[in-house]
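Structure, as structure tokens:
So that the names make sense, note that chain A is the first sequence line, chain B the second, and so on, each numbered from 1.
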Number of protein chains: 2
Amino acid sequence: MTPRDLDTAFTDADDSPGLLLWQVTNRWQAAIRLTLKPYGLTHVQFVLLAALTWLGSEGPVTQKALADQAASDPMMTSQVLRALEGRGLVERRPHPQDGRARALAVTEEGRALANRAVVAVEACDAEFFGTLEEQTGAFTRALRRLRTASTQE
Amino acid sequence: MTPRDLDTAFTDADDSPGLLLWQVTNRWQAAIRLTLKPYGLTHVQFVLLAALTWLGSEGPVTQKALADQAASDPMMTSQVLRALEGRGLVERRPHPQDGRARALAVTEEGRALANRAVVAVEACDAEFFGTLEEQTGAFTRALRRLRTASTQE
DNA sequence: TCAGAATAGTAAGCGCGCATACTAATTACA
DNA sequence: TGTAATTAGTATGCGCGCTTACTATTCTGA
């Protein structure tokens with residue numbers, strides 16, 4: 001197929017890294033959604049729960065700190081954490097030092113769920129990116145470079 | 001930082017290709033959104049308008065055919081095309097052969113807008129993926145492989 | 001000390017991506 | 001030919017990603 005009415009530099013839409021990135025991410029999201037369905041978690045819920053579990057339950061973690069760690073925006077973080085709190089997976093106490101902030105903590109149930117779900121997610125990722133074989137490292141490195149580059153702008 | 005309470009295979013979250021893919025795509029979407037703002041187009045609107053312009057205005061193009069070409073889902077396609085029709089960028093006539101379908105056509109104004117916007121989008125992509133330099137080809141190939149692999153499942 | 005700037009968190013709202021369900025028209029097949 | 005299966009398109013609804021605007025609290029510096 002040849003474009004007649006569109007002045008594009010690409011012969012085929014399959015050569016556009018942007019479009020491909022978009023399509024691949026949509027498919028990856030669908031795979032993750034399917035994987036997490038048995039655990040009753042959405043992707044963002046899983047990411048925040050896992051990140052909070054990662055950060056540990058000793059020091060008081062604010063929503064801002066969690067959002068930074070998970071690269072999630074503050075609004076989404078606030079909304080999802082309240083949902084997780086409603087399910088008893090997370091606690092949101094007032095922060096001892098900062099009156100504006102929340103002191104987050106994973107419950108025992110939340111930690112257990114995170115650890116069960118993370119196994120499934122990593123298996124899903126391994127399957128999804130498995131087709132890259134020995135090029136997985138280069139692909140991951142490229143993604144890391146793109147992320148930091150677009151942050152600097 | 002070391003995970004104490006999460007049993008993960010990754011030392012750092014930056015090693016997960018899935019998380020990186022998600023973050024990079026979010027930043028790319030933000031860049032595209034900013035680029036298309038002066039043209040009054042969202043990303044999906046641009047993709048569908050450009051794809052329809054690409055397909056040409058001679059034969060009757062159905063929404064299904066356009067959705068397949070653009071890898072957009074039928075619901076989104078329907079909704080966005082009605083918005084584009086409201087702005088006079090697209091026409092949605094009844095299909096001459098198939099009573100269920102719509103015969104899509106770009107208006108002159110729509111074609112002109114698509115051609116102006118595509119320049120900006122390709123410049124945005126060039127800037128965004130420019131940091132990959134000579135590895136851009138390998139990156140694009142990896143994305144293409146991931147897309148087809150996840151389709152087969 | 002105290003007024004202004006910065007920060008943590010939330011409300012409301014918009015467009016996207018997708019799932020489910022439905023209507024109307026077409027196609028396939030017995 | 002007539003009925004079943006398929007297909008094009010749309011309504012509804014949910015969660016995501018983000019923007020704007022707002023409150024309450026903390027920090028900063030004259």
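Judged by distance alone, the side chain of Ser72(B) and the main-chain N or O of Asp68(B) form no donor-acceptor pair under 3.5 Å. Thr107(A) places a side-chain N or O within donor-acceptor distance of the main-chain N or O of Leu89(A), the cut-off being under 3.5 Å. Judged purely by atom type and a 3.5 angstrom limit, Arg82(B) uses its side chain to pair as donor or acceptor with the backbone of Ser78(B).
Closest to the side chain of Ser78(B), from the set dT10(D), dG9(C), dG17(C), is dT10(D). Closest to the side chain of Met76(B), from the set dC16(C), dC16(D), dA11(C), is dC16(C). Distances were taken from every side-chain heavy atom of Lys64(B) (C-beta onward) to each of dT10(C), dA8(D), dA8(C); the shortest belongs to dA8(D). In this structure, of dG9(D), dC18(D), dG17(D), it is dC18(D) that holds the atom nearest to the side chain of Met75(A). Listed nucleotides dG9(C), dT10(D), dG17(D) differ in distance to Pro74(B); the shortest reach to its side chain belongs to dT10(D). Residue Asn26(A) places its side chain closer to dC18(C) than to any other of dG15(D), dG9(C), dC18(C). You'll find that the side chain of Thr62(A) is closest to dG9(C), out of dG9(D), dG9(C), dC18(C).
Rounding to the nearest 0.5 angstrom, the gap separating the CZ atom in Arg33(A) from the SG atom in Cys124(A) is 11.0 Å. Of the inter-residue distances, the one linking Thr35(A) atom OG1 with Phe46(A) atom CZ reads 10.0 Å to the nearest 0.5 angstrom. From Arg27(B), atom CZ reaches atom CD1 of Ile32(B) across 15.5 Å, with rounding to the nearest 0.5 Å.
Of the side-chain N and O atoms in Thr77(A), none sit less than 4.0 angstrom from OP1 or OP2 of dG9(C). In this model, the phosphate group of dC16(D) is approached by a side-chain N or O of Thr42(A) to a distance below 4.0 Å at OP1 or OP2. Taking side-chain N and O atoms only, Arg102(A) has no distance below 4.0 Å to OP1 or OP2 of dT25(D).
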Between protein and nucleotides 24-27 of chain C, what N or O pairs are separated by less than 3.5 Å?
unit_1  : atom_1 : unit_2   : atom_2 : d
dA25(C) : O3'    : Gly99(B) : N      : 3.4
dT26(C) : OP1    : Gly99(B) : N      : 3.0

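Atom CH2 of Trp22(B) is separated from atom P of dC16(D) by 10 Å (rounded to the nearest Å). Following rounding to the nearest Å, Arg82(A) (CZ) and dG15(D) (P) show an atom-to-atom distance of 13 Å. Rounded to whole Å, atom C1' of dC16(C) lies 9 Å from atom CG of Asp73(B). For the pair Gln69(A) CD and dA8(C) C1', the interatomic distance rounds to 18 Å; values are reported in whole Å. Straight-line distance from the CD1 atom of Ile32(A) to the P atom of dG15(D): 18 Å, rounded to whole Å.
For the pair Arg33(A) and Gln63(A), both in contact range of DNA chain C, the more 5′-proximal nearest nucleotide belongs to Gln63(A). Position along DNA chain D of the nearest nucleotide to Lys37(B) versus Gln45(A) favours Gln45(A) as the more 5'-ward residue.
Using a 30° and 60° split on the angle between ring planes, Phe139(A) and Phe139(B) fall in the parallel class, below 30°.
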